[in-house]
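Notes to accompany the following structure.
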Amino acid sequence: PAVVRKSRGGLLLILKPDAERGLVEVGRVTLPSDAWGLGVTPDGLRAIVTSAWPAVVSVVDINEKKVIASLPVAREPRGLAISGDGKTAYVSHLVGTDLTRIDQLDGVPKVSVQPLPAGRSRATEKVTPTASLGWSLVLSPDGDSLFVPRHAIGAAGANAWWGAPVVDVLDRKSGQPLAPLRRPGSPVNSLGKGELAESAEWWGGPGKIPTVNDELVQPRAVVYRKKADTLLIAGEGRSAVVELNALAPDPALFRGRTLSLP
């Protein structure tokens, strides 16, 4: 208890390589508690840190070793993706569908809400999916697309009473989701009538939505594999890495390899 009472919150350590001693600390910056996500602008001048519990994003001047902006955001900010020009950052959240967008990182940072609907390919006429578990996100190499793995609550599919893990894609130029909204009359869970039909496994095919991809459960981390234009996503729930087609409007529907992990 005495240690907790003396805690000053979170901390950003700045290290540099040393030929004899390995990594050597050259500075430290006090941050709000529960510091979690970290990103650095391509020019190395700014560090952006998410603090989950107090719902704050800190912008740090690395040379001056001080916080130059402390930005209140929505609940549970976690992952960070920074644009190639170093001027814009996107933040994922564990709760809700909206992302946080931070502009003018090279000047006076400005915060705004970036809407991104969840699981549009698996929506129903009566249910618009919400989202959770937005641990991480990643930009395409050209910076045009932003990929956000998360769990879509209320998404349709076979055995999808618990929703479905999805990868929502934002088209940065338009500010709109890449996948079109599923319309009434689109593929539905239609197996006919009777107990056998109700309990049968529903696989993908003409007029049907593909079954839920269990290997993507609890998507914890994502990277873009430029060589193959694929996404590698670590699914914590099934201890697996899944490779998805990053060129598809809904990558979760186009699965490639699955690699089991310990």
Side-chain angles (χ1 to χ4, degrees), residues 74 79 81 83 88 90-93 95-101 112-191 202-217 219 222-226 228-233 235 242-256:
S83 61
T88 302
Y90 294 90
V91 178
S92 64
H93 296 263
V95 180
T97 61
D98 291 340
L99 308 177
T100 292
R101 174 171 173 159
S112 61
V113 174
Q114 174 62 67
L116 182 61
R120 282 166 63 91
S121 297
R122 293 182 178 272
T124 68
E125 295 182 51
K126 297 182 179 180
V127 178
T128 300
T130 58
S132 65
L133 302 184
W135 288 105
S136 63
L137 67 175
V138 68
L139 285 163
S140 58
D142 59 12
D144 289 343
S145 300
L146 179 68
F147 301 88
V148 188
R150 49 191 179 174
H151 191 83
I153 303 170
N159 281 333
W161 56 268
W162 50 283
V166 297
V167 180
D168 297 311
V169 187
L170 176 72
D171 175 43
R172 292 188 62 214
K173 291 182 179 179
S174 67
Q176 299 296 318
L178 194 61
L181 179 64
R182 182 167 168 263
R183 299 171 299 175
S186 295
V188 294
N189 186 353
S190 178
L191 289 171
W202 176 49
W203 298 99
K208 300 177 182 179
I209 302 176
T211 188
V212 173
N213 189 338
D214 287 343
E215 286 78 13
L216 281 176
V217 171
V222 57
V223 295
Y224 193 105
R225 187 174 177 226
K226 184 177 179 179
D229 282 316
T230 57
L231 300 172
L232 296 177
I233 299 177
V242 184
E243 189 168 22
L244 306 176
N245 184 354
L247 302 182
D250 190 340
L253 298 182
F254 295 87
R255 182 180 63 188

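If you're wondering where the values come from, they're calculated on a predicted model, not measured in any experiment.
In this view, Asp229 satisfies the salt bridge (Lys or Arg N to Asp or Glu O under 4.0 Å) rule with no residue, not counting sequence neighbours. Remark: Val95 pairs with Arg75, Glu76 by the side-chain contact (heavy atoms from CB on, under 4.5 Å) rule, at least two apart or across chains. Here Lys173 pairs with Asp144 under the salt bridge (Lys or Arg N to Asp or Glu O under 4.0 Å) rule; sequence neighbours left out. Considering only residues two or more places apart in sequence or on other chains, Arg172 meets the side-chain contact (heavy atoms from CB on, under 4.5 Å) condition with Ser83, Thr88, Tyr90, Leu139. Contacts of Phe147 classified as ring-ring contact (aromatic ring centres under 6.0 Å, His included), with partners at least two apart in sequence or in another chain: Tyr224. Among residues two or more places apart in sequence or in another chain, the side-chain hydrogen bond (donor to acceptor under 3.5 Å, both in side chains) test is passed with Ser140 by Asp142. The ring-ring contact (aromatic ring centres under 6.0 Å, His included) search around His151 returns Trp162, not counting sequence neighbours. For Asp250, the side-chain hydrogen bond (donor to acceptor under 3.5 Å, both in side chains) criterion is met by Ser121, not counting sequence neighbours. Not counting sequence neighbours, the partners of Thr100 by the side-chain hydrogen bond (donor to acceptor under 3.5 Å, both in side chains) test are His93. Partners of Glu243 according to the side-chain hydrogen bond (donor to acceptor under 3.5 Å, both in side chains) rule, which considers only residues two or more places apart in sequence or in another chain, are Arg225, Thr230, Arg257.
A distance of 9.0 Å separates CG of Leu178 from CG of Leu170, quoted to the nearest 0.5 Å. Expressed to the nearest 0.5 Å, how far OG1 of Thr130 lies from CG of Asp98 amounts to 11.5 Å. Residue Leu253 holds its CG atom at 9.5 Å from CG of Leu244, rounded to the nearest 0.5 Å.
The shortest heavy-atom contact between Ser92 and Leu99 is CA-CD2, 4.2 Å. When every heavy atom of Pro249 is checked against every heavy atom of Ala179, the shortest pair comes out as O-CB, 3.6 Å. Closest approach of Pro177 and Pro117 over heavy atoms only: CG-CD, 3.8 Å. When all heavy atoms of Pro129 and Thr97 are compared, the closest pair comes out as O-CG2, 4.1 Å. For Ala252 against Val167, the heavy-atom pair with the smallest separation is CB-N, 3.9 Å.
For residues 145-157, the set of pairs meeting the salt bridge (charged side-chain N to carboxylate O under 4.0 Å, His left out) definition, not counting sequence neighbours, comprises Arg150-Asp168.
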Derivation and outcome, side-chain contact (heavy atoms from CB on, under 4.5 Å), residues Arg120 and Val169:
CA-CA 10 Å; Arg120 282 166 63 91; Val169 187; over 6 Å; no
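Side-chain contact between Asn245 and Pro251: absent, with no pair of heavy atoms (C-beta onward) separated by less than 4.5 Å. Under the 4.5 Å side-chain criterion, counting only non-hydrogen atoms from C-beta, Leu116 is in contact with Val148. With contacts defined as side-chain heavy-atom distances shorter than 4.5 Å, the pair Val127/Arg122 does not qualify.
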